[in-house]
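To start, the structure itself, in structure tokens.
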Amino acid sequence: MAEEVSSQMNSLSISETNPSSSATISLVSGDDIVFKVEPTIAKEMETVQSFIDETDGKITTIPLPNISSHDLPYVIEYCEKSIAGKITKEFEAEFVKKLNNEEVKELFLAANYLNIKKLLDFLSQVIADRIANKSVEYVRRYFGIENDFTPEEEAKLREELAWTFTGVDPDDEDEN
Amino acid sequence: MAKNMLRPKPTLTSLLRRRKQPHLTLTSLLRRRKQPHPTLTSLLRRWKQPHPTLTSPLRRRKQPHLTLTSPLRRRKQPHLTLMSPLRRRKQPHPSLTSWIGRRKHPHLTLTSPLRRQKQPHLTLTSPLRRRKQPHPSLTSWIGRRKQPHRTLTRRKQPEPSLHIPLDLVAEILCRFSMKQLTQLRCVSKSWNSLISEDSKFAKKQLRLSSSCQGRHHLILKSREFPHLHFPISTIFSSKEATMSGYYLKGESIGGNVSTCDGILCYMIGNSSVLLCNPSTRKFITLPFLEFPHQGNVEMIYTLLYDRFIHSYKVIALNAHHATNREVYVHILGTHCWTRIQDFPSPHQLLFNKDSSLTFEGPREGIFVSDSVNWLVSAFIVSFDLEKGSYQRRMVSGFIVSLDLEKGSYQKLSLPVSNLHFTASCFVSLGTLRGCLSYVLSGASFADIWIMKEFANQKSWTKLFTVPYLKSWDFCRIPKVLYISEDDQVLMETLMIGIRNHRVLVYDSINNTYSFPEFQNNIRLPLNTVLQVYVESLISPF
């Protein structure tokens, strides 16, 4: 397994190019897929842009080891729409419809890593909507959180907060 | 690379397939074959010259020249260059987390610097030796492998693999309704303390809920029923407003209800104040306020947030006409009331020694733009020969504003300075859309104004004129409570004839009215006080 993984490293390289000759920015995903994007897209990604700025635009190949080639196209798509001013409710609904819970979380972390405020806000809301009205147990599973209360502590807290525990939706089956 | 670039955007199916079996699909095998298979040599070469793309761009951002030019410096971060791709592939999500953590705390997240120091430092010249001596990070990685492999078992187990750090969880949680947020305190200890104790989180949540209509509630307070709460959105959607209610102990809760950042401020008797956050159900009674003259007391309490000292305060004004109108302030968390400069005399403010003018008010203080504002109305009293009685006619009014920063009062003009109405008018101050607002409700109209730029009297803007309503003669608008995102105006109306309050919604776009019905057809007697508050976690007590 490890070998397979490291084999992917070969295709990586940093290219130093003259900024005037190269208009596009190459974003390299964690699994070494290169995505060429317009510099305007890179501007939307604050992390990428500040990297470009600090190297005076000489480096146009940006490794994004934390972002998979699965997630990056979504991020780019969102940024493209954002630049075009075409982020509508319909687009957003369509955008998240095709994403399962894990993918939304991955994109959420990617948006945070790339520092894309709009996408982060949007995905925060998506996650909030998806777990709205769900039970505590469901939310624990969703975020992969271990319950560190003792049964007594939890029972006591639940009793204290009993007034809020009405009208909770039944848990869905695994949605992934 | 060019090939990859031209590759059509992956479809969902292909992506899913790849994700399920990342290393085994035909596509990936073929792709890999095109790339030179990593021989030992190539791996060694790479070790000698750690791949620059795998160092953190962020780290590099901070030391751009050093990391790009000197491999020695990069040696200090061997984990990143050597191990992180492996970790990332195997456990992509934890490494994402640690990356994000690293972004914020660059020095804290390198997982085991101490352990690394204990082992002989790895040199670039001995890659083979290094292989025999497992790299500390490899060890730790192997250690981690013993845990169930999350990525691969993901499809079988519902257990999610992604861990979202708490500061990012906060980004999501601040969007929840107060009810669910409170439930989620049971998730874990760290969530519990984030939701119930973290003042930064409470402020973030308040910022979001203040701009969200769904997080506002109407409260009805009366001596005749418990305190009732209605989500504002149900009132606008003209569904029957469902309520929740509770009793506050103490029969003598009277007067106005002041609100700030989701906290309600009730007066108990004249000298005592109860603060209560209905969202958290926490409350506190403030220390007793003692006056020099107990007889002439008519208190107005106003809750506010003083951002210059980062504290909540209650300002108490004795508005009784026979007093000096003394003003006291209590800072939450302290044990006393302090007297500050007296409320200025209306005659002084108007430069008017005309003794035929009498002043009324103020009745409530409005906190907005770092100031507390009280409305004072001026009346002329004249003897009506026909009716054979004294008549009071409102002729003008003004605002007395206490600047929290300077601690001084100033007079602000109203948008309409002179009133010449024969029938009685209602005037009131409030806050609408974050601005100081003024409502003037006469016999055939009601005008709603806001001061767009505080203390700039030229910025008074008329938002709406609520037109003539059937039986308007018997109906006044003492208060405008809220304006919805789609310009529906929620108002308190006083039905003079039947001596009742009602809640009126005026749809300014379609120019229509409705009187929303409350559950159980509750009637609102004259002593009802209506107030709108926002859901918040703020409990400075």
Side-chain angles (χ1 to χ4, degrees), chain A residues 1-14 28 30 33-36 47 50-51 54-55 62-63 65-66 68 70 73 98 101-102 105-106 108-109 112-113 120 124-125 127-128 132-133 136 139-149 154 157-158 161 163-165 168 174 176, chain B residues 1 4-5 9-10 12 15 18-19 23 32 35-38 42-43 46 51-54 57-58 60-61 64 68 84-86 88-90 92-93 95-97 99-100 103 154-155 158-164 168-169 171-172 175-176 179-180 182-189 191-192 281:
Chain A
M1 210 48 124
E3 266 174 46
E4 285 179 36
V5 171
S6 48
S7 73
Q8 303 275 326
M9 293 161 72
N10 267 351
S11 63
L12 284 181
S13 69
I14 259 201
V28 186
I33 309 290
V34 179
F35 294 83
K36 297 233 167 189
T47 305
S50 53
F51 180 63
E54 284 186 31
T55 55
I62 321 280
N66 287 332
S68 73
H70 172 264
K98 48 195 176 190
N101 285 340
E102 282 300 294
K105 280 190 278 178
E106 274 173 27
F108 174 74
L109 290 172
N112 177 62
Y113 171 64
L120 189 70
S124 306
Q125 191 59 53
I127 297 177
N133 253 1
V136 170
V139 174
R140 271 191 205 128
R141 279 203 301 279
Y142 190 97
F143 285 98
I145 293 170
E146 216 164 288
N147 178 11
D148 53 359
F149 286 114
E154 190 181 343
L157 189 59
R158 276 181 187 259
L161 307 176
W163 57 281
T164 62
F165 285 96
V168 177
D174 175 30
N176 288 330
Chain B
M1 285 215 189
N4 285 332
M5 186 190 78
K9 201 172 271 184
L12 184 61
L15 285 168
R18 200 169 345 126
R19 282 162 61 80
H23 309 301
R32 214 180 312 133
Q35 300 169 355
H37 196 79
S42 75
L43 281 170
R46 206 164 38 233
H51 206 290
T53 50
L54 294 170
L58 284 161
R60 226 181 290 142
R61 228 167 74 190
L68 284 175
S84 60
L86 294 174
R88 207 171 300 123
R89 292 292 294 203
K90 292 278 174 180
H93 312 308
S95 78
L96 263 184
T97 325
W99 266 78
I100 285 149
R103 226 178 93 188
R154 193 161 86 202
R155 303 289 156 191
E159 183 88 11
S161 54
L162 273 180
H163 175 69
I164 298 181
L168 279 176
V169 165
E171 283 294 323
I172 298 163
R175 291 155 204 274
F176 279 110
K179 192 179 144 191
Q180 193 177 7
T182 314
Q183 285 173 18
L184 294 183
R185 285 175 54 188
C186 299
V187 165
S188 73
K189 285 179 178 165
W191 280 42
N192 186 24
R281 301 205 169 182

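Within every chain, numbering begins at 1; the chains are lettered A, B, ... in the order of the sequence lines, protein sequences first and strands thereafter.
Note on B:Lys189, B:Glu171, B:Arg185: by heavy-atom pairs under 4.5 Å with chain A, the leading option is B:Lys189.
For the atom pair CG (A:Asn112) and CD1 (B:Ile164), the distance works out to 9.5 Å, reported to the nearest 0.5 Å.
Across every non-hydrogen atom of B:Val187 and A:Phe149, the tightest pair is C-CE1, 4.2 Å. Smallest separation of non-hydrogen atoms from A:Arg158 and B:Cys186: CG-SG, 3.6 Å. When all heavy atoms of A:Phe108 and B:Ile172 are compared, the closest pair comes out as CZ-CD1, 3.7 Å.
Contacts of B:Gln180 classified as side-chain hydrogen bond (donor to acceptor under 3.5 Å, both in side chains), with partners at least two apart in sequence or in another chain: none. Residues passing the side-chain hydrogen bond (donor to acceptor under 3.5 Å, both in side chains) test with B:Ser188 are B:Ser190, sequence neighbours excluded.
With hydrogens and angles disregarded, no donor-acceptor distance shorter than 3.5 Å links the side chain of B:Arg281 to the backbone of A:Leu161.
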